[in-house]
Amino acid sequence: MIDIKLLREDPERVRASQRARGEDDGIVDAIVAAEQAHRSSLTEFERLRTEQKSIGKQVARAQGEEKQALLGQTKELAARVRQLQADADAAQTELGDLLRQVGNLVEDGVPVGGEDDYTVLETVGEPPQFDFDAKDHLALGESLAAIDMERGAKVGGSRFYFLTGVGARLELALLNMGMAQAVEHGFTPMITPTLVKTEVMAGAGFIDKHADEVYRLEADDLFLTGTSEVALAGYHADEILDLSAGPRRYAGWSACYRREAGSHGKDTRGIIRVHQFHKVEMFTYCRVEDAAAEHQRLLAWEKEMLAKVELPYRVIDTAAGDLGGPAARKFDCEAWVPTQGRYRELTSTSNCTTYQARRLNTRERDPYGSGTRAVATLNGTLATTRWIVAILENHQQADGSVRVPTALQPFLGLDVLKPV
RNA sequence: GGAGGCGUCGCCUAGUCCGGUCUAUGGCGCCGCACUGCUAAUGCGGUUUGGGUUUAUCGCCCAUCGAGGGUUCAAAUCCCUCCGCCUCCGCCA
């Protein structure tokens with residue numbers, strides 16, 4: 001949720017952000033009108049409520065006829081107060097509904113446009129040249145007895161899989177390496193709930209426009225999360241944090257669930273796009289002034305991980321229309337996938353500024369004045385199951401084996417994966 | 001799943017039976033000031049959060065006693081639903 005004070009004071013900035021996203025900028029005027037309507041109904045309610053309370057005190061002291069007279073006077077007033085309160089509540093709900101439709105203010109410098117309008121910020125490493133027929137990750141995974149899609153489908157349906165033997169060990173090694181790096185940089189490791197309440201899911205911004213991408217357990221009114229970001233965003237909901245000593249950083253380890261409702265036929269082979277995977281996710285709470293710098297730090301830590309697994313990749317600055325509601329800016333690191341001849345997303349880091357925190361009511365004491373203000377939240381990927389795709393393909397050798405990147409070897413306990 | 005207990009403005013706590021003087025008590029902590037070689041101690045004042053009003057300060061007003069409804073002129077207090085925590089029993093990874 002964006003700051004309504006900012007919208008009131010600088011509506012043009014919000015309009016510009018909406019246009020950059022390819023969204024309706026007329027909503028800004030609708031919000032201004034809804035806020036005025038809310039305020040006037042609230043003022044009217046408060047005026048009568050004051051009167052009602054004042055008479056109430058007289059009633060408490062009065063006796064006999066005088067009391068009866070006052071009661072007659074205030075009964076009618078009570079009904080009006082009730083109505084005005086209902087009006088004010090309705091106006092507030094309407095205002096909130098409108099406000100929640102507005103995406104976060106896009107950061108300056110973000111490319112305008114949609115999914116294909118990203119900017120490539122940097123390309124790191126060279127795609128490998130093979131003097132043999134390169135196999136794709138599934139062929140490799142099967143010959144290494146690392147991935148079993150068939151039985152995954154038998155048990156869970158399409159887009160489910162088993163990681164077996166070295167495949168399972170590889171995933172654990174990767175995630176553990178991610179966790180170890182996070183700890184080294186001062187993150188608090190967290191194993192998070194993957195089922196969350198509606199308020200948390202909505203607060204993190206995962207319901208509004210992408211509701212069909214998340215699993216919902218109707219019988220229990222819970223959502224399965226697609227990332228530990230959701231639980232970590234909810235972790236400090238309704239709290240006032242002390243960020244005077246610097247950012248609070250958490251590294252969440254969790255299973256992640258995605259319905260992939262809109263992607264029929266896309267990436268159907270292998271484990272690139274699956275309903276369940278595992279991830280280590282960085283999550284930061286910091287002051288809004290520090291958010292842009294923290295975003296760069298998260299990106300740097302993602303790059304550190306990618307360097308450790310020795311993958312060629314590029315960094316893109318996602319265009320405004322592809323940001324999603326909560327993010328003000330998003331950088332993705334995409335690794336080269338040889339058999340596809342293109343880069344595929346392995347990490348994604350978003351600066352959500354105060355958008356999630358405002359919805360989840362996560363605040364700090366205002367360092368520049370009295371009262372409280374919303375904190376900033378950011379997130380970024382350290383490792384996921386999908387990384388296995390790029391590791392297998394980029395490090396495959398002529399004999400069908402796969403070289404294990406040096407940094408990963410201590411976590412895996414192997415320096416090469418051999419066909420069985 | 002069953003039985004019982006509990007949830008008050010950072011923490012602890014009074015108030016709930018019997019609705020109005022609750023503008024929510026007291027302690028701890030914290031902040032400010034005073035006093036004092038310094039510290040400590042002591043004294044005085046302040047200290048939920050959100051919103052409205054105000055150029056701003058001071059102030060005033062509204063909401064907020066786990067959440068949401070209801071009864072009532074009036075709800076921390078009575079009723080209903082839900083949530084969470086604790087104890088015990090049962091069942092089970």
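Just so you know, these numbers use all the heavy atoms, side chains as well, and skip hydrogens, waters and symmetry mates. As the structure is a prediction and not an experimental result, all values here were calculated from the model.
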Determine which nucleotide pairs with B:C33, using a 3.5 Å limit on both distances of a Watson-Crick or G-U wobble pair.
B:G43
Going by the rule salt bridge (Lys or Arg N to Asp or Glu O under 4.0 Å), which residues pair with A:D290 if we only count those two or more places apart in sequence or in a different chain?
none
Sort and list the pairs that fulfil salt bridge (charged side-chain N to carboxylate O under 4.0 Å, His left out) and have at least one residue in residues 244-262 of chain A, not counting sequence neighbours.
A:R249-A:E294, A:E260-A:R273
Base-pairing assignment for B:A75 (Watson-Crick or G-U wobble, both under 3.5 Å):
none
Taking any strand in view, what nucleotide pairs with B:A63 in a Watson-Crick or G-U wobble way, both distances under 3.5 Å?
B:U49
So which protein N/O to nucleotides 79-84 of chain B N/O distances come out below 3.5 Å?
none

Just to verify, what does A:F331 make a ring pair (Phe, Tyr, Trp, His ring centres under 6.0 Å) with, not counting sequence neighbours?
A:H295
Under the side-chain contact (heavy atoms from CB on, under 4.5 Å) test, which residues partner A:D116, sequence neighbours left out?
none
By the Watson-Crick or G-U definition, both distances under 3.5 Å, B:G7 is matched with B:C83
Residues that A:F187 engages under ring pair (Phe, Tyr, Trp, His ring centres under 6.0 Å), provided they are two or more places apart
A:W301
Atom pairs, N/O to N/O, protein against nucleotides 59-62 of chain B, distance under 3.5 Å?
{"residue": "B:C61", "atom": "O3'", "partner": "A:T50", "partner atom": "OG1", "Å": "3.3"}
{"residue": "B:C61", "atom": "O2'", "partner": "A:T50", "partner atom": "OG1", "Å": "3.2"}

Where do N or O atoms of nucleotides 68-73 of chain B meet protein N or O atoms at under 3.5 Å, pair by pair?
{"residue": "B:C73", "atom": "OP1", "partner": "A:K75", "partner atom": "NZ", "Å": "3.1"}
{"residue": "B:C73", "atom": "O2'", "partner": "A:T74", "partner atom": "OG1", "Å": "3.2"}

List the residues meeting side-chain hydrogen bond (donor to acceptor under 3.5 Å, both in side chains) with A:Q36, not counting sequence neighbours, and say none if there are none.
none
Any Lys/Arg nitrogen of A:K197 or A:D221 sitting under 4.0 Å from an Asp/Glu carboxylate oxygen of the other?
no
How far does the P atom of B:C61 sit from the matching atom of B:G19, given to the nearest Å?
27 Å
By side-chain hydrogen bond (donor to acceptor under 3.5 Å, both in side chains), which residues pair with A:T353, not counting sequence neighbours?
A:N104
How would you list, by chain and number, every residue that makes a salt bridge (Lys or Arg N to Asp or Glu O under 4.0 Å) with A:R21, sequence neighbours excluded?
none
Show me the donor-acceptor pairs within less than 3.5 Å that the side chains of residues 142-149 of chain A make with the rest of the protein, sequence neighbours left out.
{"residue": "A:S143", "atom": "OG", "partner": "A:A139", "partner atom": "O", "Å": "3.4"}
{"residue": "A:S143", "atom": "OG", "partner": "A:L140", "partner atom": "O", "Å": "3.1"}
{"residue": "A:D148", "atom": "OD1", "partner": "A:E150", "partner atom": "N", "Å": "3.3"}
{"residue": "A:D148", "atom": "OD1", "partner": "A:R151", "partner atom": "N", "Å": "3.0"}
{"residue": "A:D148", "atom": "OD2", "partner": "A:R151", "partner atom": "NH1", "Å": "2.8"}

